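FYI, side chains are in, hydrogens and waters are out, and symmetry mates aren't considered; it's all heavy atoms of this structure. For ligands, and for the atoms within them, numbers begin at 1 and follow the listed sequence. Computed from a predicted model, the values in this text were never measured in an experiment.
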Amino acid sequence: MKNTVLTFKKAKENGEKLSMVTAYDYAAAKLVDTAGINSILVGDSLGNVCLGYKDTLSVTMEDMIHHSAAVARGAENSLIVTDMPFMSYQSSVYDAVVNAGRLIKEGHANAVKIEGGVDIKEHIAAIVKASIPVVGHIGLTPQSINTFGGFKIQGKNIETAQKVIDDAKAVEEAGAFAVVLECVPEKLAKLVTETLSIPTIGIGAGRFCDGQVLVFHDLLGIYEDMRPKFVKRFAEIGKTAVSALQDYDRELKNGSFPTEEHIYAIDDEIINVLKK
Ligand code: KIV
């Protein structure tokens, strides 16, 4: 069954956990969807894991649309949430609505995710008014790393913890149907989760959020450049892949690949004619 915003609402009401995993292409989307994950996030983390940038700031609307549309072709039941990239909404409410609309029309997303709280309340409300479901994203918002001075845990003192709470309330009041809480202390995430009537989806926000999100490449052990404390690697696909590539390299060089089972045959008579 297709996951929708109603799935998120019911999960919060019934105290059921929600799963979200990123994906950036057709094949990965098929795997995540087949695994029964509630939601696929086409995250702007594609800038890191697919495009090799050191942060998400260079990711464009065209990148997001391209990857989102590929994911949409591979996912049947997971709810597709696509990130609004840096500078696709900060500039104005108008830009926010137009670009959210492009992610739905051209990227075939079911919903968009947008970083920020109080500062972009109006933007979220306008997108929701345009009938586009919104997931908020507060705490450590990677598009603001230059303001934070790096990838730092947010909400560790009264002032910043209050900001996380204020942002959470703003996002809910603006009409978002869920909110991602990134890198905040567990007890603060628990308080936010108990305060809001929309589900919280945690990443580095502890055990008491209504759901969790992880990056596909982190969860499967494919990406080595960064290894945050909150990541659990449920497999070591990267190591398996390197070993398989080494086997391929060795076998083709020592002549044990390809074998007869991998070839296409042709009648010798035809070859003989060609040789004349
Ligand atoms: O882009 C992304 O993958 C994200 C998650 C880290 C929540 O925003």
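- Looking at N3 and S78, their side chains never bring a donor and an acceptor atom within 3.5 Å of each other.
- Which parts of ligand 1 touch G43 is read off a 4.0 Å heavy-atom cut-off, strictly below it: atoms 1 (O), 2 (C), 3 (O).
- Annotation: D83 places an N or O atom under 3.5 Å from an N or O atom of ligand 1; distance criterion only.
- Ranking protein heavy atoms by distance to atom 7 (C) of ligand 1, first place goes to L41 CD2, 3.8 Å.
- Ranking protein heavy atoms by distance to atom 6 (C) of ligand 1, first place goes to I203 CD1, 3.7 Å.
- If you check the side chains of E115 and S144, you find no donor sitting under 3.5 Å from an acceptor.
- We find that E13 and K9 are joined by a salt bridge, their nearest charged nitrogen and carboxylate oxygen being less than 4.0 Å apart.
- Scanning the protein for heavy atoms near atom 8 (O) of ligand 1, the closest one is K113 NZ, 2.9 Å.
- Under 4.0 angstrom from ligand 1, the non-hydrogen atoms of T22 all belong to its side chain.
- Checked for salt-bridge contact, D247 and R250 meet the test: a charged N lies under 4.0 Å from a carboxylate O.
- Comparing S45, A23, G139, C183 against atom 1 (O) of ligand 1, the shortest heavy-atom distance belongs to S45.
- No donor-acceptor pair under 3.5 Å is formed between the side chain of S243 and the backbone N or O of K239.
- Look at K190 and E186 and you find no salt bridge, because none of the NZ, NE, NH1 or NH2 atoms lies under 4.0 Å from a carboxylate O.
- Proximity to D44 (heavy-atom distance under 4.0 Å) selects the following atoms of ligand 1: 1 (O).
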